[in-house]
Q: 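Dropping a structure here in structure tokens format, bear with me for questions.
Scope of the values below: all heavy atoms of this structure, side chains included, with no hydrogens, waters or symmetry mates. Nothing here was measured: the structure is a model prediction, and the numbers come from that model.
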Amino acid sequence: MSARSPEGITLSESAARRLAALSEADGQPVMLRIAVEGGGCSGFQYLMELVSTVKADDLQISRDGQSAVIDPVSVPFLKGSEIAFVDELAGAQFVIRNPNAASSCGCGVSFSI
């Protein structure tokens, strides 16, 4: 079951499956925390980490019992984005498919608006 936040941010099925696998391996539920900060080669960069707690003002996006959390300052930069997990020849990682990004660097970690 897919949940879309009021800001249009979604967690893909692939991301939910990966978070479930990471939670199982860790022996406790984990969530993906996403933040946007200034920096990187394109002006802004995504920060991602696995966490087990939600802060009071976080936006929480859930799918199939798994969640991602985003701090309120980062939400405007991520409106309409999809949080996904890709496993390709180049590597396996969480990615942000952000319609607000005018350009991004080759690694996909930094972007400009």
Side-chain angles (χ1 to χ4, degrees):
M1 190 162 300
S2 175
R4 180 177 294 274
S5 75
E7 293 76 14
I9 304 168
T10 59
L11 187 64
S12 75
E13 182 181 343
S14 63
R17 276 196 318 267
R18 182 62 177 167
L19 287 168
L22 291 169
S23 294
E24 184 177 330
D26 200 37
Q28 66 178 351
V30 296
M31 296 170 281
L32 180 66
R33 174 172 295 288
I34 301 167
V36 174
E37 71 174 20
C41 54
S42 298
F44 294 98
Q45 62 186 350
Y46 301 115
L47 301 175
M48 294 184 231
E49 67 177 321
L50 296 174
V51 297
S52 57
T53 59
V54 178
K55 296 180 181 173
D57 58 351
D58 280 340
L59 173 68
Q60 187 170 349
I61 297 110
S62 298
R63 179 178 184 146
D64 301 332
Q66 305 304 312
S67 297
V69 293
I70 305 167
D71 66 273
V73 173
S74 299
V75 169
F77 296 102
L78 297 168
K79 284 186 177 186
S81 294
E82 179 187 49
I83 303 158
F85 183 79
V86 296
D87 190 354
E88 300 171 335
L89 186 58
Q93 64 184 344
F94 287 99
V95 296
I96 310 291
R97 296 181 178 133
N98 189 341
N100 306 302
S103 65
S104 62
C105 67
C107 67
V109 174
S110 70
F111 65 101
S112 65
I113 292 184

Q: To the closest 0.5 Å, what do you measure between CG (Leu32) and CD1 (Ile96)?
A: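 Reported to 0.5 Å precision, the distance equals 7.0 Å.
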Q: So among Asp71, Val75, Leu78, which one has a side chain to side chain contact (heavy atoms under 4.5 Å, CB included) with Leu59?
A: Val75
Q: Say you draw a straight line from CG of Leu11 to CG of Asp64; how long is it, rounded to the nearest 0.5 Å?
A: 8.5 Å
Q: Any chance you could lay out the side-chain contact (heavy atoms from CB on, under 4.5 Å) test for Glu37 and Leu47, step after step, and finish with the verdict?
A: CA-CA 8 Å; Glu37 71 174 20; Leu47 301 175; 3.3 Å; yes
Q: Would Val30 end up clustered with Val95 when hydrophobic side chains under 4.5 Å apart are linked, directly or stepwise?
A: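 Result: no, two separate clusters.
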Q: Quick check for you: to the nearest 0.5 Å, what is the distance between Thr53 atom OG1 and Arg33 atom CZ?
A: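 Interatomic distance, Thr53 OG1 to Arg33 CZ, rounded to 0.5 Å: 6.5 Å.
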Q: Less than 4.0 Å between a side-chain N and a carboxylate O, is that true for Asp87 and Arg18?
A: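 Salt bridge absent between Arg18 and Asp87.
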Q: For residues Met31 and Gln60, determine if any side-chain heavy atom of one lies less than 4.5 Å from a side-chain heavy atom of the other.
A: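 Side-chain contact under 4.5 Å: yes.
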Q: Looking only at heavy atoms, which two atoms of Leu19 and Ser67 are closest? And how far apart?
A: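 Heavy atoms of Leu19 and Ser67 come nearest at CD1-O, 3.4 Å.
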Q: May I ask you to decide if Ile9's main-chain N or O and Ser81's side chain share a donor-acceptor pair within less than 3.5 Å?
A: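 Not a single qualifying donor-acceptor pair exists.
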Q: Looking only at heavy atoms, what is the nearest atom pair of Ala92 and Phe85, with distance?
A: CB-CZ, 3.7 Å
Q: Would Met48 end up clustered with Val36 when hydrophobic side chains under 4.5 Å apart are linked, directly or stepwise?
A: yes
Q: Which distance, rounded to the nearest 0.5 Å, do you find between the CD of Glu82 and the OG1 of Thr10?
A: 4.5 Å
Q: When you look at Gln28 and Asp26, which way does the side chain to side chain donor-acceptor pair (under 3.5 Å) test go after all the steps?
A: CA-CA 5 Å; Gln28 66 178 351; Asp26 200 37; 3.2 Å; yes
Q: Locate the shortest heavy-atom distance separating Gln66 from Ala20; write the atom from each residue and the value.
A: OE1-N, 3.5 Å
Q: For Asn98 versus Phe77, what's the shortest heavy-atom pair and its separation?
A: ND2-O, 2.9 Å
Q: How many angstroms lie between atom CD1 of Ile83 and atom CD1 of Ile34, to the nearest 0.5 angstrom?
A: 3.5 Å
Q: Assigning hydrophobic clusters by single linkage (Ile, Leu, Val, Met, Phe, Trp, Tyr; side-chain heavy-atom cutoff under 4.5 Å), is Ile61 placed with Leu22?
A: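 Yes, Ile61 and Leu22 fall within the same hydrophobic cluster.
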Q: Measure the spacing between CZ of Phe44 and CG of Asn100 and express it to the nearest 0.5 Å.
A: 11.0 Å
Q: Please check if the side chain of Ser74 supplies one atom and the backbone of Ala35 the other of a donor-acceptor pair under 3.5 Å.
A: no
